[in-house]
Student: 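Here it is: the structure, laid out below.
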Amino acid sequence: MVLKESTTALYKCRICGYVYSPEKGDEKRAIKGIPFERLPDNWRCPVCYYPKSHFYQIKKG
């Protein structure tokens with residue numbers, strides 16, 4: 001059984017409130033259509049520059 005990755009899950013930064021949406025992506029780094037879980041480990045919030053570990057899921061796709 002293959003589970004489909006959610007491409008619509010939204011994640012919010014605990015520090016600044018920025019919301020990562022795969023549909024919008026990260027314009028500063030030319031990232032679009034990539035689920036949060038598949039972002040590189042060194043990806044950081046484009047607003048406050050905190051790491052992925054400071055994000056939490058707010059909507060499940």
Side-chain angles (χ1 to χ4, degrees):
M1 180 176 170
V2 176
L3 296 176
K4 184 180 176 189
E5 276 189 274
S6 171
T7 58
T8 58
L10 302 178
Y11 285 79
K12 187 173 185 176
C13 179
R14 295 179 196 278
I15 306 303
C16 71
Y18 170 81
V19 175
Y20 178 82
S21 164
E23 287 80 26
K24 185 178 177 191
D26 177 355
E27 295 174 358
K28 289 184 177 182
R29 294 174 184 87
I31 294 174
K32 189 172 183 180
I34 298 175
F36 185 83
E37 298 85 1
R38 293 192 57 210
L39 290 171
D41 289 336
N42 63 350
W43 181 84
R44 293 181 168 268
C45 177
V47 176
C48 68
Y49 304 105
Y50 272 76
K52 281 176 63 176
S53 61
H54 285 77
F55 280 73
Y56 62 97
Q57 189 172 0
I58 59 171
K59 179 185 172 204
K60 193 140 182 118

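Values below: every heavy atom of this structure, side chains too, minus hydrogens, waters and symmetry copies.
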Student: Apply side chain to side chain contact (heavy atoms under 4.5 Å, CB included) to K32 and list each qualifying residue two or more places apart in sequence or on a separate chain.
Tutor: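 So K32 forms no side chain to side chain contact (heavy atoms under 4.5 Å, CB included) with any residue.
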Student: Report yes or no: do Y11 and I15 belong to one cluster of Ile/Leu/Val/Met/Phe/Trp/Tyr joined by side chain heavy-atom distances under 4.5 Å?
Tutor: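 Hydrophobic grouping puts Y11 apart from I15.
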Student: Can we call the ring centroids of F55 and F36 under 6.0 Å apart?
Tutor: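 Yes.
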Student: Considering only residues two or more places apart or on different chains, which pairs with a residue in residues 42-54 satisfy side-chain hydrogen bond (donor to acceptor under 3.5 Å, both in side chains)?
Tutor: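 Passing the test, one end in residues 42-54: D26-W43.
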Student: If I compare all heavy atoms of P35 with all of G33, which pair ends up nearest, and what's the gap?
Tutor: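 In terms of heavy atoms, the two residues are closest at CD-O, 3.7 Å.
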Student: Please give me the minimum heavy-atom distance between A9 and P22, naming the atom from each residue.
Tutor: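 The answer is O-CD, 3.4 Å.
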Student: Any donor-acceptor pair under 3.5 Å linking the side chain of K28 with the backbone of P46?
Tutor: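 The answer is yes, because a donor-acceptor pair under 3.5 Å joins these two groups.
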Student: Find the distance between CG (L39) and CZ (R29) and round it off to the nearest 0.5 Å.
Tutor: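 Reported value, rounded in 0.5 Å steps: 9.5 Å.
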Student: Of the non-hydrogen atoms in K59 and Q57, which two are nearest, and what is the gap between them?
Tutor: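 That closest heavy-atom pairing would be O-NE2, 3.4 Å.
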Student: What's the spacing between I31 CD1 and Y20 OH if we round to 0.5 Å?
Tutor: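 It is 6.0 Å, given to the nearest 0.5 Å.
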